[in-house]
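As structure tokens, the structure follows; a few thoughts come after it.
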Amino acid sequence: MLSPTIRRLSALTVNRIAAGEVIERPAAAVKELVENALDAGARRVEVILAGGGIARIEVIDDGCGIAEDQLALAIERHATSKLVDETLVQIATLGFRGEALPSIGAAARLTLISRPAGQDSAYRLSVVGGAVSGVMPAAGPVGTRAIVEDLFFATPARRKFLRSPRAEAEAAERAVWRLALAAPAVAFRLVSDERVLFDVPAQEEAARVAALFGREAAGVMLALDATREGVRLTGLAGPASLSRATTALQSFVVNGRPVLDPVLRMALRLAYRDVIAAGRHPVAALRLEVPAEALDVNVHPAKTELRFADANGVRSLVMGAISRLLDRPVSLGSAPTAPLAPFTPAAPLSSLSRPSGAPGLALRPPSYMPATAAARGFAEAELALVAPPSARQIAAPAPDPAHPLGAPVAQIFDTYLLAVAADGSLVLVDQHAAHERLTEERLRAEFLAGKVAAQPLLLPVVVDFAPLEALRLLAQAETLARLGLEIEAFGPGAVLVRAVPAALKHADAADLLRDLAEEFAESDVPVALEARLDAALARLACHRSIRAGRRLTVEEMSALLREMEATPRAATCSHGRPTFLKLSQAELEKMFGRRGL
Ligand code: ADP
Ligand code: MG
């Protein structure tokens with residue numbers, strides 16, 4: 001084979017390649033333009049989006065502007081006014097790579113209209129798919145206006161991978177939300193498809209967090225301020241009672257830059273792990289100031305990832321500060337076991353001697369559940385059973401052979417039912433998990449039969465949200481109406497509840513709606529209606545269900561067991577955990593080493 005000729009790629013091709021990395025999706029273009037506005041010292045930034053930013057993005061600032069003779073350079077690759085330290089250590093600006101404008105210009109139609117103070121008029125420059133027009137005088141105030149139209153029209157390969165305009169809009173809105181949290185001293189206005197999502201003045205950090213996290217979160221968050229080896233942590237963190245279904249209300253800012261950093265996320269999660277139920281997430285707006293030499297921000301072209309020289313130090317700082325805030329010791333222990341926490345066995349279970357070859361905690365799972373779930377379930381059951389003060393024995397009806405789950409004997413920790421079947425098998429039921437599944441199945445049946453009854457509220461309830469959450473929820477209004485939940489917009493950031501599913505008339509409408517909003521926010525991926533309904537059903541069921549910790553009457557216990565027997569899929573809850581464990585005589589004998597496996 002002939003040795004191939006190596007040729008240089010054209011500037012246009014290079015920029016299109018870079019565009020793929022720097023401007024992955026509309027949200028990235030929005031982020032780059034807003035960062036430029038902040039780097040230009042703007043006191044006020046306005047972002048106007050249309051069609052999720054795919055159709056149009058406009059970012060207007062009142063910053064330092066770009067002089068007429070610099071405009072052409074601004075859109076050249078690797079041209080920047082910002083990088084002063086070529087070792088890349090002292091980076092004081094959000095941008096420094098000189099890649100954003102040429103990348104956007106290569107993939108879209110970009111127009112810059114800019115005027116520095118002291119220049120008579122503004123000047124404009126356009127780049128269409130990489131082709132640059134001449135610089136022309138234009139009308140405009142001091143500052144810069146950047147307009148991006150038809151994003152990715154010149155790079156169809158990328159265009160194909162965009163999600164729905166709604167999902168792209170959400171990601172772009174979130175990018176502005178993050179930057180607005182990072183720069184509270186700058187006024188921000190965000191408009192998407194002609195709706196004003198937020199319009200906030202220059203303000204103190206706490207006020208900005210209040211405005212962008214929603215009023216419910218704002219009132220109860222606690223201020224943080226801690227320093228460790230030159231790294232300072234400030235910001236606000238929610239009390240344990242303010243958990244959410246997703247991490248949507250978490251913001252991390254490092255040296256003024258919004259970041260998605262796994263070290264910080266993990267530290268936050270660990271700090272709350274023993275006080276927040278599994279699957280729930282804390283609410284926090286954290287800000288770190290790190291000495292430039294202890295940080296590398298040049299990890300990825302999008303600059304949202306970074307590397308800490310001392311990740312362990314940062315983790316300890318965050319965990320320590322939040323633990324002090326929550327007034328509890330730092331714990332790196334195993335997963336939370338809330339219902340068992342107060343119990344201290346006289347002899348630690350691990351010290352109980354077992355006959356050699358006996359299975360101990362490594363039990364063989366009963367045939368009806370997966371091995372791991374069973375092992376976990378057993379470990380808990382074993383602990384619970386040796387804690388007599390929390391058990392409540394009841395006068396039990398005699399077990400009927402027709403009832404495989406038997407008759408109730410006791411309620412343990414006000415959370416588990418202990419029952420005995422006619423053949424002597426021992427049955428343990430997690431009352432919340434079981435009831436949740438039953439409710440979900442009932443709601444699903446009602447829904448499939450087209451008769452989910454809505455219960456109109458005598459006094460409609462208004463629920464406050466972060467502005468983006470409210471929109472997300474309202475976008476699902478039709479789906480929710482089919483489930484008996486009727487909502488409508490009530491000004492920016494608020495939703496009015498007119499009716500709730502009749503089955504849920506005793507649930508707290510605000511709580512219910514908040515959980516649903518987060519359920520819908522969980523991913524950027526467009527979720528099929530059916531999956532949404534499923535998620536909504538599971539959430540509704542959870543709200544309707546008997547809480548762990550509620551004392552049940554014998555009649556309630558029996559009713560629960562009988563309904564479980566009659567309901568398909570009742571052996572696991574909607575989260576896939578077992579709802580009950582059953583130990584036959586043979587299994588008990590194996591556990592006690594009376595019989596080989
Ligand atoms: P970077 O931000 O990494 O320098 P960009 O391609 O985003 O690279 O921008 C190139 C240059 O254009 C910037 O360094 C800055 O001098 C100028 N510029 C871009 N946007 C603005 C703006 N909104 N106001 C003032 N100058 C700007
Ligand atoms: Mg930039």
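Both ligands and their constituent atoms are indexed starting at 1 by order of listing.
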Problem - Backbone or side-chain N/O/S of T80 under 2.8 Å of the Mg ion (ligand 2) - result: no
Handout entry: Identity and distance of the protein heavy atom lying nearest atom 26 (N) of ligand 1
Key = I66 CG1, 3.3 Å
Problem - D62 side chain near P141 side chain, heavy-atom distance below 4.5 Å - result: no
Exercise for the section: Give yes or no for whether the N/O distance cutoff of 3.5 Å, strictly under, is met between T144 and ligand 1. Expected result: yes
Handout entry: Qualifying residue for side chain to side chain contact (heavy atoms under 4.5 Å, CB included) with L33, from V47, I60, V148, L112
Key = V148
Practice task
Go through the steps for K31 and E35 under the test salt bridge (Lys or Arg N to Asp or Glu O under 4.0 Å), then give the verdict.
Solution key: CA-CA 6 Å; K31 168 184 154 303; E35 286 185 353; 3.2 Å; yes
Practice task
Among all protein heavy atoms, pick the one closest to atom 16 (O) of ligand 1 and tell me residue, atom and distance.
Solution key: S81 OG, 2.5 Å
Practice task
Taking the side chain as every heavy atom from C-beta outward, state whether R244 and E469 have any pair of such atoms under 4.5 Å apart.
Solution key: yes
Exercise for the section: Please name the pair of heavy atoms, one in L325 and one in A237, separated by the smallest distance, quoted to 0.1 Å. Expected result: CD2-CB, 3.8 Å
Problem - Atom indices of ligand 1, in the order listed, that fall short of 4.0 Å to a heavy atom of A100 - result: 6 (O), 7 (O)
Problem - Shortest protein contact, atom 2 (O) of ligand 1 (heavy atom only) - result: K82 NZ, 2.6 Å
Problem - Beyond-backbone contact of V463 with I487, side-chain heavy atoms, under 4.5 angstrom - result: no
Practice task
Check whether any side-chain heavy atom of L162 lies under 4.5 Å from a side-chain heavy atom of P26, and answer yes or no.
Solution key: yes
Handout entry: Element-labelled atoms of ligand 1 that are located less than 4.0 Å from some non-hydrogen atom of A40
Key = 24 (N), 25 (C)
Practice task
Would you please determine whether G63 falls within less than 4.0 Å of ligand 1 on a heavy-atom basis?
Solution key: no
Handout entry: Atom pair CH2 (W177) and CG (L190), whose distance is rounded to the nearest 0.5 Å
Key = 12.5 Å
Handout entry: Shortest protein contact, atom 23 (N) of ligand 1 (heavy atom only)
Key = D61 OD2, 2.9 Å
Exercise for the section: Just need the protein heavy atom nearest to atom 9 (O) of ligand 1, so name the residue and atom and give the distance. Expected result: L101 CD1, 3.7 Å
Problem - Side-chain heavy-atom pair Y123, L71 within 4.5 angstrom cut-off - result: yes
Handout entry: For atom 12 (O) of ligand 1, the protein heavy atom that lies nearest, with its residue and separation
Key = A74 CB, 3.4 Å
Completion exercise
Taking only non-hydrogen atoms of G95 and a 4.0 Å limit, the atoms of ligand 1 in range are 2 (O), 3 (O)
Completion exercise
Nearest non-hydrogen protein atom to atom 7 (O) of ligand 1, with distance, is N36 ND2, 2.8 Å
Exercise for the section: Under 4.0 Å from a heavy atom of A79: give me the atoms of ligand 1 that qualify, with their elements. Expected result: 10 (C)
Problem - Which of the ligand 1 atoms, numbered from 1, are nearer than 4.0 Å to a heavy atom of F96 - result: 3 (O)
Exercise for the section: Measure the shortest side-chain to side-chain distance between D150 and V128 over non-hydrogen atoms and say whether it is less than 4.5 angstrom. Expected result: no
Handout entry: Close approach of P102 to ligand 1, heavy atoms, under 4.0 angstrom
Key = yes
Practice task
Name the closest protein heavy atom to atom 4 (O) of ligand 1, giving the residue it belongs to and the distance to 0.1 Å.
Solution key: T80 OG1, 2.6 Å
Completion exercise
For R97, the atoms of ligand 1 under 4.0 Å from one of its heavy atoms are 3 (O)
Exercise for the section: Tell me whether the guanidinium CZ or amine NZ of R109 lies under 6.0 angstrom from the six-membered ring centre of F153 and within 45° of its axis. Expected result: yes
